[in-house]
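Values reported hereafter were calculated over all heavy atoms of this structure, with side chains retained and with hydrogens, waters and symmetry mates removed. Sequence lines set the chain letters: A, B, ... in the order given, protein chains first and strands last, and positions in each chain run from 1.
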Amino acid sequence: MHVRDLPLPGPILEHYESGGIETLYPPQVAAVEAGVTEGERLVAAIPTASGKTFIAELAMLTADGPALYIVPLRALAREKYETFAELPGVSVGISTGDFDATDEDLVEEDIVVATAEKVDSAIRNGASWVESLACVVVDEVHLLGSEGRGPTLEVTLATLQRRAPGLQIVALSATVDNPEDIADWLDAELVETTWRPVSLRTGVYADGDVTFDDDSTLGVDADAAGPDGEDETEATAALVADAVANGGQCLAFVRSRREAESLADRLAREELTGASPADCDALAEEVRELGATETCSRLAGTVESGVAFHHAGVRSEHRALVESAFRERRLKVICATPTLAAGVNVPARRVVVRDLKRYTGERMAWLPVLEVHQMCGRAGRPHLDPYGEAVLVSGTDGGPDADELWDRYVTAGPEAVQSKLAARDALRTHVLSVVASGFADSRAGVVDLLDATFFAHQSPDVDRARLVDSVVAELAEMEMLDAGGGTGDGADGTDRLAATELGGVVSRQYVTPETGARLVAGVETAAAMDAANVTELTALEVVCDTPDMQGTYLGNRERAAMYRFASTHAAEFTTGLNDADDFEEWLCAVKLARIFADWTAGESVETIVDRYRIGPGDLEARLERVEWLLGAADAVAAVVDADLPVFREVRDRI
DNA sequence: GTGACCGTTCTCTAGACAGCATGTC
DNA sequence: CTAGAGAACGGTCAC
């Protein structure tokens with residue numbers, strides 16, 4: 001099928017042709033045959049880099065009205081925004097937490113790119129641009145199955161569908177086990193394929209050799225590995241060096257941040273061939289200009305040899321710099337944690353996955369197959385590499401066994417996508433938001449919306465009315481919903497539901513009901529305290545001790561010092577030293593409060609990062625969050641009639 | 001006394017979305 | 001059903 005046969009405006013066709021796109025890839029042909037250009041709904045479960053964006057563009061450009069493109073990451077939003085902005089005659093807007101356009105601007109746009117949460121929030125706040133949509137594209141729909149964020153996505157999609165039944169929905173998914181489930185739910189055609197524009201072979205390394213799934217093999221010269229100490233790191237280094245020596249770029253995935261950094265250090269010392277010194281020095285200079293923390297200078301150091309590390313402790317600006325430098329081939333290697341598995345486009349000739357297990361809270365667990373496949377899928381750059389290679393590294397004694405890796409990740413398919421909306425807290429926040437936004441005003445209305453979710457589609461037998469009843473009861477208990485005194489069975493005709501003022505604020509501020517409740521409690525305690533004791537620390541403690549504020553790690557050495565700090569400032573805290581529900585968690589909150597207090601006192605990033613042993617990227621993320629939560633606390637304080645300007649003041653200081 | 005070497009214990013662990021009101025190029 | 005890397009520490013021994 002030829003591009004010029006597509007029902008697109010002339011300038012757009014020229015744009016594609018000048019970009020070298022003439023014939024469609026097989027998945028794209030399938031999408032057109034399924035009717036993407038005629039307003040048909042579609043679920044495309046195809047590998048990354050096989051032309052998903054083009055399918056999305058086809059849908060959006062042929063839709064009879066404005067389109068919305070939903071992404072899971074801010075960085076991805078920016079990337080897509082830039083791509084779409086190149087389309088001639090098409091206006092594009094972007095809406096994410098850090099990059100926001102006004103409501104009026106967005107109504108004007110042909111295409112709006114936004115994160116799922118932002119769309120959810122826009123719906124809650126009654127934004128008008130969501131009203132007139134003709135087409136919605138959902139990127140990475142398989143995130144439906146993710147614990148924290150899947151529920152938001154499915155409720156948002158259910159709401160959008162209920163608002164505009166004729167809406168065209170195009171969902172793009174990685175290859176998963178049950179794409180037909182998603183297609184059924186959305187009442188869409190399914191296009192499923194494993195076709196890729198660049199062939200990919202996946203292999204497992206064991207004892208000096210890689211065996212690929214196309215029966216080819218590769219000898220690896222891991223010279224330093226002694227007879228008894230077969231070392232995964234050694235093998236990884238050799239695999240990386242080999243790829244670079246053959247003129248390719250390489251991505252190495254490891255388990256933790258520290259290991260990403262130490263692997264990068266190591267590879268940098270080995271002086272991989274091919275890195276142009278002048279260029280690397282220039283890049284290192286750019287890195288140094290963006291900060292003076294230890295992490296930063298360490299990164300600059302490895303970059304000098306054409307190697308970088310990438311994880312969430314690194315500032316987002318540094319991460320973006322590393323990503324683009326790699327795309328421009330100025331960097332040879334990136335050692336990364338799974339940050340890089342999904343996200344912006346960073347393809348490489350070879351991908352090496354060294355650690356296939358990860359520590360999760362209390363135990364070591366295998367990485368999900370889907371995640372590993374996404375890492376491997378980064379191998380092979382269209383038009384640049386003849387092929388892509390992904391290598392999983394197995395170890396001997398104690399390490400992952402080669403056969404096990406083969407069975408688990410090469411032979412076996414990915415997991416099925418499973419709705420996580422049944423989780424209590426997810427249900428609570430979404431039931432509240434559905435009522436608060438005026439979408440439903442009765443239990444029956446809530447159940448009705450719930451019926452349209454992926455959850456209901458997957459578990460039709462769950463008694464949703466009963467579920468709603470119990471969740472409503474909890475929210476009423478928290479004084480966020482007004483259940484109108486009815487019993488909820490509808491028999492007495494009093495099935496009326498309304499959000500209380502508090503419920504409305506909690507929903508619009510986009511905090512979870514639990515956080516809302518904690519804020520209320522904190523604000524009330526603070527209001528009852530001796531005014532002289534209500535300080536910056538008070539406000540920070542209240543806000544940091546909520547589920548929406550992600551905690552930090554509290555090292556054993558720090559604990560004693562933190563306890564002492566808590567004791568000396570006990571009068572300023574809303575929680576007594578002895579009556580915290582979870583003392584450990586509370587100490588973490590205190591640590592964060594202390595970090596932010598240092599920040600407002602004017603301490604430099606370098607000092608804070610050093611003193612509390614957190615990454616500059618973590619600090620950055622946390623600061624964004626406190627600011628938001630302090631705003632929410634301020635709004636809650638207004639509802640409970642507490643005269644506490646502290647929250648606002650501290651927020652301004654931050 | 002000093003330093004190389006080696007076994008033992010201790011420490012620590014991925015990621016990242018959202019509000020709102022002004023101000024600014 | 002399930003951990004394991006690496007730093008820090010501490011001790012031994014040769015010179």
Would you say [X] places a side-chain N or O within less than 4.0 Å of OP1 or OP2 belonging to [N]?
X         : N       : answer
Arg258(A) : dT11(B) : no
Arg255(A) : dC12(B) : no
Arg648(A) : dA21(B) : no
Arg124(A) : dC20(B) : no
Thr337(A) : dG15(B) : yes
Asn125(A) : dC20(B) : yes

Point to revise | Whole angstrom value for the distance that separates P of dA5(C) from CD of Glu259(A) | key: 8 Å
Which nucleotide in the set [options] lies at the smallest distance from any side-chain heavy atom of [X]?
X         : options                   : value
Pro338(A) : dA14(B), dA18(B), dA16(B) : dA14(B)
Arg622(A) : dA18(B), dA16(B), dA3(C)  : dA16(B)
Ser121(A) : dG6(C), dA18(B), dA14(B)  : dA18(B)
Thr115(A) : dA5(C), dA16(B), dA18(B)  : dA18(B)
Thr339(A) : dC12(B), dA14(B), dA16(B) : dA16(B)
Lys357(A) : dT2(C), dA16(B), dC17(B)  : dT2(C)
Glu371(A) : dC20(B), dA18(B), dA14(B) : dA14(B)

Review point. With a 4.0 Å cut-off, would you call Lys357(A) and Glu404(A) a salt bridge?
Key: no
Check your understanding: Is the shortest side-chain N to carboxylate O distance from Arg594(A) to Glu558(A) below 4.0 Å?
Key -> no
Exercise for review: Taking atom P in both dA14(B) and dA5(C), compute the distance separating them and give it to the nearest angstrom.
Suggested key: 15 Å
Point to revise | Whether Phe583(A) and Trp586(A) hold their rings parallel, tilted or perpendicular, with breakpoints at 30° and 60° | key: tilted
For [X], answer base if it contacts any base atom (sugar-phosphate contacts may also be present), sugar-phosphate if it contacts only those atoms, and nothing otherwise; contact means non-hydrogen atoms under 4.0 Å.
X         : answer
Arg625(A) : base
Ala632(A) : nothing
Leu73(A)  : sugar-phosphate

Review point. Are any non-hydrogen side-chain atoms of Cys335(A) and Leu267(A) less than 4.5 angstrom apart?
Key: yes
Review point. dA16(B) base to Gln550(A) side chain: any donor-acceptor pair below 3.5 Å?
Key: yes
Check your understanding: Glu259(A) and Ser256(A): side-chain donor and acceptor closer than 3.5 Å?
Key -> yes
Check your understanding: Using centres under 5.5 Å plus planes under 30 degrees as the test, is Tyr359(A) stacked with dA3(C)?
Key -> yes
